[in-house]
Structure formats: C-alpha cells, structure tokens
Amino acid sequence: MPELPEVEVVRRGLAEHAVGRVLEGVTVTHPRAVRRHVAGPADLSAQLTGLRIEAAHRRGKYLWLTFDATPLGTGASATGLDLALVVHLGMSGQMLVQPAAAPVEKHAHIRAVLDDGAELRFVDQRTFGGWSLAGLVEVDGSVVPDTVAHIARDPLDPRFDREAVVAAIRAKNTEIKRVLLDQTVVSGIGNIYADEALWRAGLHGTRIAATLTRPALRTLLDAVTAVMTEALAVGGTSFDALYVNVNGESGYFSRSLAAYGRENEPCDRCGALLIREQFMNRSSFSCPTCQRKPRRR
DNA sequence: TATATCTCCTGCGGGC
DNA sequence: TGCCCGCAGGAGATAT
C-alpha cells in the first residue's frame, strides 16, 4: 500500500520523467478517478490541457503537480501558475509514464498525453485514489494545495518539528496507533509503517497517547523516520503488483519488515511469535513480549 | 470539539 | 468448477 516512501518514489519518478512536459490532452475513463471536481471530468481535462508541468511535490501521502504558463497552452494556461493537480494513490493507485503505444492497463482510469510522445497514466484497481484540481495557499510558510492544507508535515519534511508533534500527540486521549494514522498530527504513516515504528519503539498500538512520556514519543518518531528512510532507500514496500514506481517497478522493503505481515513468525528481537490483532477494522502486528499491552483503558 | 465508526471499492484466496 | 465470503486499508463522512 502506498505510504510516504512509496509516494516519494513516485514523486521522484514524475520529477524525472514528467516535469517539463506539456499536457497535450487528458482523457478520463472512470469518473470516480476525478475527485472533488463539481464541474466534472471534462472540465478537469480542459483545465489541464496545454499546461506545462513545472514541478512535482509531496506532503505525506499526497502528491501534486504545479504548472507554469506555456506558449503552447490553451486558454487554461493563464491560470496554470495558481493551479495544482493533486494526486492521491489511495490503496492501489499508480502513476505510470508509458510509451503511448504501450498496452493500456486494465484499470487505467486517466490518461494524459505528454508532448514527448509518452503518456502519464493513473491506474487504480480499487479506485480509492484519484486526481483533483486545487488552488495553492500558503500554510505555515509552505505553499500547498488548499485541499492539502489540513495535512501535517511528514517526518521527512526538512521543517518537521519533532517537539511540536510530541506535544500534539500527548494532547490526544486515544490509542497511539490511531494518532500515528491521523494525518493531521503527523502525515505519511499508514498501517505498515505504524506497525514497524511501534515495534522498533517497543510500544503497543493501544497505549494511550497522552500517557506516553516525551522520551518515548521521541523514540517513536525517530523510529518512524528511520523506517521510512530505510524503505525509501530501497524503493518502498511492495507485497504485490499494486505498488510500483512510474516505470512499473516494485520496491524491496517488504523483505526488511520486522512486524507487519509476520504473524506467527519469531520476533527479530526476542524470538517470541508475533501476533496479529484487529484494530480499527484492519490488522495490526506486534510482539507480545517486546510490545506489552496496557493493562486496561 | 474530540473521538469512534462507517463507507467506498476490487481482486485474491480459502472453504464448500 | 463455480459460488460465496472475508480480507486488504486511506480518508472523508457520519455518528456518538
């Protein structure tokens, strides 16, 4: 599932293969792939056509492309400087840059023709992701799409303030894993990296955030940063063909996971068998010895 | 206001 | 072989 490292891999791919290119035409074949756009997919296509991609950005799990004006543009180019194409990959979204002649993927819901003959394709099996257009706003010293303004900085952001996040977490009277997954507190963390970071920090996900000490939370946030950095270095985590970079290649971090998906396998730290529990309608993996459950709420 | 739960969606694998 | 069901889970909407 695409979490921060996987999304960053995609962003880098877009920066390499799509930035500088002009969108010569956009075709939407699945209306659900266009989000929050009252005017509909046709209007989104019209607004994007003729824009040159200036840069690829990311915050947490959100990607967005910004544009500059281009002499090749249509009437839409006049607004390009203030417009962002926001992309969320959901659970299974892919942003692929393919030769136009390449076979079209079964779940290719949006296809954008680039001026170098390639196509930028949004492929999404489970249709939890999508594209949307947004205006740009300044929040806390950074320019972001207005639909991303509520998303907190992620641990790989140079301006990530660890102490401020520690304080925000301690203000929450709920389980620490819920807080890690709350993108308004700290962004980019999904179920996989939450379990990995909690395992590294030796904390059970049902511990109440407000009861954790500042040093424990610093350790936890450092674990989040470390696990994401390591995953990014090897191209992200892949369990199947659902997560790939813009060239359709998978990452290798799944081989390094210490907790997620390892039910009944020995803990790398103590040897106890890892367990799986239901939490927030999804699976959580932990070590019953290293990560003690709280006695009660 | 803060927190918890529901819903969306599709493909895969297991059980019968 | 085919059908049914559970599972995977990000995030907005809704409920408490």
Side-chain angles (χ1 to χ4, degrees), chain A residues 1-8 10 28-38 58-64 86-95 105-110 122-132 134 144-152 154 167-198 205-212 224 228 231 236-244 250 254 257 259-264 275-286 294 297:
Chain A
M1 312 305 161
E3 300 181 31
L4 187 155
E6 294 75 37
V7 178
E8 174 61 17
V10 173
V28 178
T29 56
H30 194 309
R32 192 177 151 81
V34 173
R35 303 301 178 104
R36 297 180 174 187
H37 198 72
V38 177
R58 182 193 55 75
R59 173 172 285 190
K61 303 169 195 172
Y62 284 87
L63 277 171
W64 66 93
V86 181
V87 179
H88 198 288
L89 301 178
M91 287 181 60
S92 55
Q94 302 171 0
M95 291 282 279
E105 296 76 10
K106 181 179 179 183
H107 300 288
H109 300 325
I110 304 176
F122 179 68
V123 179
D124 190 9
Q125 178 193 95
R126 296 177 190 171
T127 63
F128 276 29
W131 286 15
S132 63
V144 299
D146 53 21
T147 53
V148 181
H150 65 295
I151 300 297
D154 61 67
I169 293 175
R170 296 190 83 233
K172 296 289 186 180
N173 186 32
T174 189
E175 294 106 326
I176 184 62
K177 184 168 177 179
R178 286 185 189 275
V179 180
L180 288 179
L181 296 175
D182 183 345
Q183 306 298 301
T184 68
V185 177
V186 54
S187 68
I189 306 171
N191 201 42
I192 297 172
Y193 294 114
D195 278 1
E196 290 302 304
L198 287 164
T206 59
R207 295 280 298 274
I208 300 302
T211 67
L212 297 173
V224 169
M228 286 183 167
T237 301
S238 299
F239 294 100
D240 48 38
L242 288 184
Y243 161 68
V244 295
S250 297
S254 59
L257 294 174
Y260 185 87
R262 297 193 58 213
E263 182 183 18
N264 291 326
I275 59 173
R276 181 172 71 163
E277 298 167 291
Q278 284 299 113
F279 182 78
M280 294 174 68
N281 276 335
R282 57 207 60 186
S283 292
S284 286
F285 299 87
S286 63
R297 285 205 56 175

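Residue numbers start from 1 in every chain, and the chains themselves are labelled A, B, ... in the order their sequence lines are given, proteins ahead of strands. All of these numbers come straight from a predicted model, not from anything done at the bench.
Residues A:K172 and A:N281 each lie close to DNA chain B; by heavy-atom proximity, the contact nearer the 5' end of the strand is made by A:K172. Between A:F128 and A:M280, the residue anchored nearer the 5' end of DNA chain B, judged by the nucleotide with its closest heavy atom, is A:M280.
The side chain of A:S283 contributes an N or O atom lying less than 4.0 Å from OP1 or OP2 of C:dA8. In this model, the phosphate group of C:dG10 is not approached by any side-chain N or O of A:Y193 to a distance below 4.0 Å at OP1 or OP2. Listed pair A:T174 / B:dA4 meets the phosphate criterion, a side-chain N or O lying under 4.0 Å from OP1 or OP2.
Ion pairing of A:R58 with A:D154 is present here, as a side-chain N (NZ or NE/NH1/NH2) and a carboxylate O approach within less than 4.0 Å.
Counting to the nearest Å, the P atom of C:dG10 and the NZ atom of A:K177 are 9 Å from each other. Counting to the nearest Å, the C1' atom of C:dG6 and the CZ atom of A:R126 are 13 Å from each other. Between the CD1 atom of A:I208 and the P atom of B:dA2 there is a distance of 17 Å, given to the nearest Å.
Contact annotation for A:R35: no contact, since no heavy-atom pair falls under 4.0 Å across all strands. Residue contacts shown for A:H30 are absent, as no nucleic acid heavy atom lies under 4.0 Å away. Within the nucleic acid shown, A:Y62 comes within 4.0 Å of sugar-phosphate atoms alone, with no base atom in reach, counting heavy atoms only.
Of all heavy-atom pairs between A:S92 and A:R126, the closest is OG-N, 2.8 Å.
A:I169 CD1 to A:L212 CG: the interatomic distance, rounded to the nearest 0.5 Å, is 8.5 Å. Rounded to the nearest 0.5 angstrom, A:I192 CD1 and A:L4 CG are separated by 12.5 Å.
Here the side chain of A:R282 is nearest to one of B:dT3, C:dA11, B:dT10, namely C:dA11.
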